[in-house]
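Since the structure comes first, as structure tokens, the remarks are kept for the end.
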Protein chains: 2
Amino acid sequence: MNAATALSKGAATRELILARALEIADAKGIDALTIGTLADAAGMSKSGVFAHFGSREELQLAVLDAAARGFTDEVFVPAVRERRGLPRLRAILQGWKRRTLRYGESRACPIGAAAIEFDDRPGPIRDRVLGHLIHLRKEIARAVAMAVEQGHVRADIDPDQIAFEVHGLVLAFQFELKLFGIERAVLRVEAAISRMLDALALARPEPVSD
Amino acid sequence: MNAATALSKGAATRELILARALEIADAKGIDALTIGTLADAAGMSKSGVFAHFGSREELQLAVLDAAARGFTDEVFVPAVRERRGLPRLRAILQGWKRRTLRYGESRACPIGAAAIEFDDRPGPIRDRVLGHLIHLRKEIARAVAMAVEQGHVRADIDPDQIAFEVHGLVLAFQFELKLFGIERAVLRVEAAISRMLDALALARPEPVSD
DNA sequence: AAATAAAACGCACGGTCGTGCTATTATGCA
DNA sequence: TGCATAATAGCACGACCGTGCGTTTTATTT
């Protein structure tokens, strides 16, 4: 056995289970992820699956973390190959758009969905979800701040405010996908993104009165 | 019995049940609205509640419609007292913000939540939710179009695009409430709203190059 | 007031859920 | 190869779900 697969049997099937769990959570949402369904999908017994996590909640937390890792790998990791500043910010937005599109017209990002499903249920899951979302927002704000440092963007803008509005754009994009289909949603989000990036790069909102 | 309460016993308790159901759906989401819980909240038996709707799905549809009526009453109805154009658009946004705030930091608009919970479950509920959302978006776009007609807003903007972005703003607002609390969320959304309304009213994005 | 209709209840059924407990099988090390 | 240990299966429990049915209570009409 080589180094990459140097896993004990238990750890290996745990990964297999987690992969199936991620598929289910992607497709049906995190609280449609039941132990029985997951056991069927993994070709195991309920108690076999259960033993790997100890509780349903622990399973859900593991899936949440896996989803967050997937987001990082798919959106942030490729983006850091771009130059700091606007190019990298643009890459993040493109990656995010691409990932959102992969969910299609009738599914949602599992973390965003979990944030809404659990917003009224205090506990570890809600905390974990909010933690991931806060991290996401910070990364966006960081990319904007870098763009300011690089002189790509006006110095008087607030990176956190832009992160807020970018987040809203992606959320609206998800809804537009469901409401009016892919083509229209892509047009809208790209119009909004370029409008926003233009506004960031412009000299001042009212150059005449300067 | 006077005219306002001229309801048969059945219709009256149906309204009572619906009111309790709306409370539950507001607080816990539409699929935490179970017949047993609702029966307890209404002080009735499960079968008593059940008989009024014939199925759980029919109950959920009724609650969805009630929530949409509530939104209209709370947001659109007061807004039509304002003058057409920007004042009315502003009133809609304020009303929407106020309503969103009422849900606080740890609950979501039941229709928006249902849109996400049911995005992967085709059927009458999903259709109804999307119908309400499309209606909402059309109303926003209509208000923007009126503002164009009144000359309050540049003629080259697309009302549907603005409706898209406004929707995103409110969604981001809801998340901001959960992530960072009320004060910060209010500051952000008001900054974003006034920035957007300013952009609508301004002459052109690049007046110097004209 | 009696008769008819509507409304609500009590109860049970079949289903799924998460979770323990015990037995069995497979794995990895001496 | 044999043995300790980890991994999985089997099974049952209690809770909750939606839903149907027969009965009983409450409203409405004659």
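The figures that follow rest on heavy atoms only: side chains count, while hydrogens, waters and symmetry mates do not.
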Q: Using a 3.5 Å limit on both pairing distances, list the dot-bracket string of DNA chain C from the 5' end; Watson-Crick and G-U wobble pairs count, crossing pairs take [ ], interstrand pairs take |.
A: ||||||||||||||||||||||||||.||.
Q) What does A51(A) touch in the nucleic acid at a heavy-atom separation under 4.0 angstrom: a base, only the sugar-phosphate, or nothing? A) base
**Q.** Those residues that, when tested against A19(A), pass side chain to side chain contact (heavy atoms under 4.5 Å, CB included) (two or more places apart)
**A.** none
**Q.** side chain to side chain contact (heavy atoms under 4.5 Å, CB included) against D160(B), all qualifying residues, sequence neighbours excluded
**A.** R184(A), R188(A), A141(B), D158(B)
Q) Under 4.0 Å: is that the gap between some side-chain N or O of H52(A) and OP1 or OP2 of dT8(D)? A) yes
Can you list everything that forms a salt bridge (charged side-chain N to carboxylate O under 4.0 Å, His left out) with [X]? Sequence neighbours excluded, please.
| X | result |
| --- | --- |
| R195(B) | E165(A) |
| R88(A) | none |
| E190(B) | K97(B) |

Check: protein-nucleotides 18-20 of chain C nitrogen or oxygen pairs below 3.5 Å:
| residue | atom | partner | partner atom | Å |
| --- | --- | --- | --- | --- |
| dG18(C) | OP1 | I35(A) | N | 3.4 |
| dG18(C) | OP1 | R56(A) | NE | 3.3 |
| dG18(C) | OP1 | R56(A) | NH1 | 3.1 |
| dG18(C) | OP2 | I35(A) | N | 3.0 |
| dG18(C) | N7 | K46(A) | NZ | 3.1 |
| dT19(C) | OP2 | R56(A) | N | 2.6 |

**Q.** Any residue meeting ring pair (Phe, Tyr, Trp, His ring centres under 6.0 Å) with H167(A), in chain and number order, not counting sequence neighbours
**A.**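 Result, ring pair (Phe, Tyr, Trp, His ring centres under 6.0 Å) vs H167(A): F175(B).
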Q: Decide yes or no on side chain to side chain contact (heavy atoms under 4.5 Å, CB included) for L187(B) and F180(B), but give the supporting numbers first.
A: CA-CA 11 Å; L187(B) 289 179; F180(B) 304 111; over 6 Å; no
Q: Count the heavy atoms belonging to other residues, nucleotides or ligands that lie under 6.0 Å from CZ of R121(B), then report whether that count exceeds 12.
A: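 Enclosed.
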Distance-only donor-acceptor pairs under 3.5 Å for side chains of residues 32-46 of chain A, two or more places apart:
| residue | atom | partner | partner atom | Å |
| --- | --- | --- | --- | --- |
| T34(A) | OG1 | T37(A) | N | 3.2 |
| T34(A) | OG1 | T37(A) | OG1 | 2.8 |
| S45(A) | OG | G48(A) | N | 3.1 |

Can you give the donor-acceptor pairs under 3.5 Å from side chains of residues 122-130 of chain B to other protein atoms, not counting sequence neighbours?
| residue | atom | partner | partner atom | Å |
| --- | --- | --- | --- | --- |
| R126(B) | NE | D119(B) | O | 3.1 |
| R128(B) | NH1 | D65(B) | OD1 | 3.2 |
| R128(B) | NH1 | D65(B) | OD2 | 2.6 |

Could you give the [atom1]-to-[atom2] distance, from [X] to [N], as a whole number of Å?
| X | N | atom1 | atom2 | value |
| --- | --- | --- | --- | --- |
| D40(B) | dC16(D) | CG | P | 10 Å |
| L16(B) | dA7(C) | CG | C1' | 14 Å |
| F53(A) | dA7(D) | CZ | P | 12 Å |
| L59(B) | dT19(D) | CG | C1' | 14 Å |
| R14(A) | dT8(D) | CZ | C1' | 16 Å |
| M44(B) | dT26(D) | CE | C1' | 12 Å |
| I17(B) | dA7(C) | CD1 | C1' | 10 Å |

Q: Give, ordered by number, those residues of residues 19-26 of chain A having at least one heavy-atom distance below 4.0 Å to an atom of DNA chain D; if nothing qualifies, reply none.
A: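 Output list: empty, so none.
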Report, one line per pair, each donor and acceptor closer than 3.5 Å where one atom sits in a side chain of residues 68-81 of chain A; sequence neighbours left out.
| residue | atom | partner | partner atom | Å |
| --- | --- | --- | --- | --- |
| T72(A) | OG1 | A68(A) | O | 3.3 |
| E74(A) | OE1 | R99(A) | NH1 | 3.0 |
| E74(A) | OE1 | R102(A) | NH1 | 2.7 |
| E74(A) | OE2 | R102(A) | NH1 | 2.6 |

